[in-house]
A.B. asks: 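Could you have a look at this structure, given as structure tokens, before my questions?
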Amino acid sequence: MKKIEKIQMGEFLQFDENKIQNIMEIKLNFLKGEISLEHAKKKMKESVDHVTAQEFAICEQYLQQYGITDDELSERMEEILEIFEGILVTNKLQLTLGHPIRTYLDEVVAIREVLGEMRNMLNQKFIKNQWTEHYDKLSEINIHFARKQNQLFPALEKKGFDKPSKVMWTLENNIKDIIKKAKEYLESNLVNEFLDIQNEVIEMVEDMMVKEEEILYPTSMDLLTNEDFVDMRKGDDEIGYCLIPDPPPYQNENSKEKNMSSSEDLLNDLAQVLRKHGVGTNSSREDILDVSQGKLTLEQINLIFKHLQVDLSYVDENEMVKFYSDTKHRVFPRSAGVIGREVQNCHPRESVDTVEEIIRAFREGEQDEAEFWLEIGGKFIYIIYNAVRDDTGKFRGVLEMMQDVTKIRSLKGSQRLLSWNEQQESIQKKVRDKEIYNEYGITKDTIIGDLIKEYPFIKEYLLNLSPKFKKIKNPIIFKTMSSMATLEMISERGGLDCQDLINKIVGEINTKSKS
């Protein structure tokens, strides 16, 4: 076998090249079918006393140099891990609360608690409500994965370690798919089919937790600096947390900017760029800038992007993510960790070919636009990609625009006049006619997102009203349910009478109004 070549990750990890060479030779002989799994396990134990998580990770990074594709690596990961049975060692990580890796580990503990309860339930009488509650909890693993994909993976890629984003992402999608399948069985009352796949669900999730604990997190601790984790923590809150309370802040005690918000960071970074190019002697967010059609300050530009009713992402001509609009209504989660990341690593492996084909067609001038639409959780999502070209026609990147168009698709006829007064009069008429019983027009069909938008304090009120409402604290889950869940649905989930819940909410609004 040819001698292993140096890769970027070697700048961050020190390792024994001879040991890596021996490990690689055994793995490659097995993957190419030259030796059996048992023979590979035997040879590995004879060749090395132990293999650290970091050494395992280095070997995974090298495999592509020898013709092993990410697809093959993903499909045969369980066999590869079996080769190292009994010799793969991991140091127990002792980290403070708030450290991003400690947060991942705490979530692993919480996920395992849910798996343990599910195992016990398999030996008990089937009760649908219990399983529904546990699958609601297990579904929060999507948040755990989203934070890894948008925060941890980009940081590792910058150190030359891209295997997690290329391999783990596919395994995570497989887990999400089987959880979705199980929930569909459960909702359709297909009890036998649901119970038949529970062991597979539990095993797949547990296997992922093992990979994270034994390989991903220890390697991350070696590759990433404290400053990397401080930056990572700034974006973690934007995505949320899985089955655990929000962790405390994690800051670098030596950082003079530790109290600066991420939005302030962005504005100051923009100001520095402008100063570099001579725009203003002391450029700041108050400086007036000439844009294509007008004059705006940095703060105004930032506010415009923040209030657009469409999500924007921009990838430059070098296929690097350079920008996304930070809106509260984002369809899919984003965090600052994606900035400066190769766009191919921001998508699951199954869709990378499509992404690359779009960029190729745009770059070569064959196409200027690509559109997609999909239905997710009762929402109709419209996505359009546009080629970005300068005044000379030169390709400068791709602009992605994404929007929840569910309401737009439902509109009919025309609305030419401002309807606020008409809506208020309609509500008052219904109150008079006793169709509804409060002056705020709140009914069982009121959408929870609309209610909280009008009365933000109701969100905290519901959290205090019942522990079953804790889901609305999670930004991703709340974003999904806010546009579709009615008060009737919310009351059922919270185990409350719907009219009683409405009365409590009206009472809280009255109390706040008086104060």
A.B. asks: Verify whether the ring centers belonging to F323 and F305 lie closer than 6.0 Å.
C.D. replies: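 Here the rings of F305 and F323 have centres that are less than 6.0 Å from each other.
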A.B. asks: Would you kindly say whether Y385 and E400 are connected by a side-chain donor-acceptor distance under 3.5 Å?
C.D. replies: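 The criterion, which ignores hydrogens and geometry beyond distance, is satisfied for E400 and Y385.
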A.B. asks: A side-chain contact here means heavy atoms from C-beta on lying under 4.5 Å apart; do T486 and M489 qualify?
C.D. replies: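 Yes, at least one pair of side-chain atoms sits under 4.5 Å.
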A.B. asks: Give a yes or no on whether the backbone of L303 and the side-chain of H307 come within a donor-acceptor separation of less than 3.5 Å.
C.D. replies: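 Yes, H307 side chain to L303 backbone: donor-acceptor pair under 3.5 Å.
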A.B. asks: To the nearest 0.5 angstrom, please state how far the CD1 atom of I215 sits from the OG1 atom of T52.
C.D. replies: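 Here the interatomic distance stands at 10.0 Å.
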A.B. asks: Below 4.0 angstrom, N of the basic side chain to O of the carboxylate: do E184 and K181 qualify?
C.D. replies: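 Between K181 and E184 there is no salt bridge, as every charged N stays at least 4.0 Å from the carboxylate O atoms.
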A.B. asks: Determine whether V405 and W373 make a side-chain contact, defined as any pair of heavy atoms from C-beta on separated by less than 4.5 Å.
C.D. replies: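 No, side chains not in contact.
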A.B. asks: State, with a plain yes or no, whether a side-chain heavy atom of E157 is found less than 4.5 Å away from one of E342.
C.D. replies: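 The answer is no, as the side chains (C-beta and beyond) never meet within the 4.5 Å cut-off.
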A.B. asks: Can you check whether M402 reaches V310 side chain to side chain, under 4.5 Å on heavy atoms?
C.D. replies: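 With C-beta onward as the side chain, the pair stays apart.
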A.B. asks: Show the nearest heavy-atom pair for residues V205 and I111, with the distance to one decimal.
C.D. replies: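 That would be CG1-CG2, 3.7 Å.
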A.B. asks: Salt bridge check: are K137 and E113 linked by an N-O gap of less than 4.0 Å?
C.D. replies: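 No.
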A.B. asks: Shortest non-hydrogen contact from V398 to I359?
C.D. replies: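 Closest approach of V398 to I359, heavy atoms only: CG2-CG1, 4.2 Å.
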A.B. asks: Determine whether Y455 and I505 make a side-chain contact, defined as any pair of heavy atoms from C-beta on separated by less than 4.5 Å.
C.D. replies: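 No, their side chains stay 4.5 Å or more apart.
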A.B. asks: Applying side chain to side chain contact (heavy atoms under 4.5 Å, CB included), run through F372 and I384 and close with a yes or a no.
C.D. replies: CA-CA 6 Å; F372 303 87; I384 186 167; over 6 Å; no
A.B. asks: For a 4.5 angstrom cut-off between non-hydrogen side-chain atoms, does K148 reach L216?
C.D. replies: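 Heavy-atom side-chain distance check passes, below 4.5 Å.
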A.B. asks: Of all the heavy-atom pairs spanning V352 and Q344, show the shortest one and how long it is.
C.D. replies: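 Scanning both residues, the minimum pair turns out to be CG2-O, 3.5 Å.
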A.B. asks: When you measure from the side chain of N318 to the backbone of M320, do you find a donor-acceptor pair of N or O atoms at a distance under 3.5 Å?
C.D. replies: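 No; judged by distance alone, with no hydrogens or angles, the pair does not exist.
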A.B. asks: Applying side chain to side chain contact (heavy atoms under 4.5 Å, CB included), run through D450 and E454 and close with a yes or a no.
C.D. replies: CA-CA 6 Å; D450 295 340; E454 182 72 20; over 6 Å; no
A.B. asks: Please determine which of N226, T103, T96 meets the side-chain hydrogen bond (donor to acceptor under 3.5 Å, both in side chains) test together with Y250.
C.D. replies: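 The side-chain hydrogen bond (donor to acceptor under 3.5 Å, both in side chains) with Y250 is passed solely by N226 among N226, T103, T96.
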A.B. asks: Using a 6.0 Å distance limit plus a 45 degree cone around the ring axis, check whether K512 lies over the aromatic ring of F457.
C.D. replies: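 Positive - K512 is close enough to the ring of F457 and near enough to its axis.
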A.B. asks: Determine, stepwise, if the pair E107 / R112 fulfils salt bridge (Lys or Arg N to Asp or Glu O under 4.0 Å).
C.D. replies: CA-CA 8 Å; E107 288 179 335; R112 282 198 169 122; over 6 Å; no
A.B. asks: If you take all heavy atoms of P218 and E212, which pair is closest and at what distance?
C.D. replies: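 Scanning both residues, the minimum pair turns out to be CD-O, 3.9 Å.
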A.B. asks: Nearest 0.5 angstrom please: L243 CG to E140 CD, how far?
C.D. replies: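 One finds 4.5 Å between CG of L243 and CD of E140.
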A.B. asks: Under 3.5 Å, side chain of N464 to main-chain N/O of E460, donor-acceptor pair present?
C.D. replies: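 Yes: the side chain of N464 pairs with the backbone of E460.
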A.B. asks: Would R147 and Y104 count as a cation-pi pair here, with the cationic atom under 6.0 angstrom from the ring centre and within 45° of the axis?
C.D. replies: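 Pair R147/Y104 counts as cation-pi.
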A.B. asks: Evaluate side chain to side chain contact (heavy atoms under 4.5 Å, CB included) for I288 paired with L296, printing each intermediate quantity in order.
C.D. replies: CA-CA 5 Å; I288 303 297; L296 296 169; over 6 Å; no
A.B. asks: Any donor-acceptor pair under 3.5 Å linking the side-chain atoms of Y461 with those of E508?
C.D. replies: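 Note: E508 and Y461 side chains miss the donor-acceptor criterion.
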A.B. asks: Just by distance, no angles: are the side chains of H144 and Q149 close enough, under 3.5 Å, to form a donor-acceptor pair?
C.D. replies: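 Result is no, nothing qualifies.
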A.B. asks: How long is the gap from CG on L138 to CD1 on I202, to the nearest 0.5 Å?
C.D. replies: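 Here the interatomic distance stands at 9.0 Å.
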A.B. asks: Would you call V201 and I175 a side-chain contact if the rule is heavy atoms closer than 4.5 Å?
C.D. replies: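 A side-chain contact is absent here, since even the closest heavy-atom pair is not under 4.5 Å.
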A.B. asks: Quick check for you: to the nearest 0.5 Å, what is the distance between L462 atom CG and L501 atom CG?
C.D. replies: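 Between atom CG of L462 and atom CG of L501 there are 6.5 Å.
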A.B. asks: How close do Y217 and L152 get, heavy atom to heavy atom, and via which atoms?
C.D. replies: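 Closest approach of Y217 to L152: CE2-CD2, 4.1 Å.
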A.B. asks: Please check: side-chain N/O of N302 versus main-chain N/O of L298, any donor-acceptor pairing under 3.5 Å?
C.D. replies: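 The answer is no, because no donor-acceptor pair under 3.5 Å joins these two groups.
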A.B. asks: Is a donor from one side chain sitting under 3.5 angstrom from an acceptor on the other, for K306 and S325?
C.D. replies: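 Note: K306 and S325 side chains miss the donor-acceptor criterion.
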A.B. asks: Taking all non-hydrogen atoms of both residues, which atom of E317 and which atom of Y314 are closest, and how far apart?
C.D. replies: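 Where E317 meets Y314 most closely, the heavy atoms are OE1-OH, 4.2 Å.
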A.B. asks: Do F229 and M221 touch side chain to side chain, with heavy atoms closer than 4.5 Å?
C.D. replies: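 They are in contact (side-chain heavy atoms under 4.5 Å apart), so the answer is yes.
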A.B. asks: Report the distance from atom CE of M208 to atom CD of E172, rounding to the nearest 0.5 Å.
C.D. replies: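 With rounding to 0.5 Å, CE (M208) is 4.5 Å from CD (E172).
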A.B. asks: Do L81 and E214 pass the side chain to side chain contact (heavy atoms under 4.5 Å, CB included) test, and can you show the C-alpha distance, the side-chain angles, and the key distance before you say yes or no?
C.D. replies: CA-CA 11 Å; L81 284 170; E214 295 190 355; 5.9 Å; no
A.B. asks: For K504, look at atom NZ and say whether over 12 heavy atoms of other residues, nucleotides or ligands are found less than 6.0 Å away.
C.D. replies: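 Open.
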A.B. asks: Less than 4.0 angstrom from a charged side-chain N to a carboxylate O is my criterion; do D228 and K158 meet it?
C.D. replies: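 Here D228 does not pair with K158 in a salt bridge, since their nearest N and O are not under 4.0 Å apart.
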A.B. asks: Do D236 and Q151 pass the side chain to side chain donor-acceptor pair (under 3.5 Å) test, and can you show the C-alpha distance, the side-chain angles, and the key distance before you say yes or no?
C.D. replies: CA-CA 7 Å; D236 281 354; Q151 293 284 95; 2.9 Å; yes
A.B. asks: Could you tell me the separation between the CG atom of L496 and the CD1 atom of I490, rounded to the nearest 0.5 Å?
C.D. replies: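 Nearest 0.5 Å value for the CG-CD1 distance: 10.5 Å.
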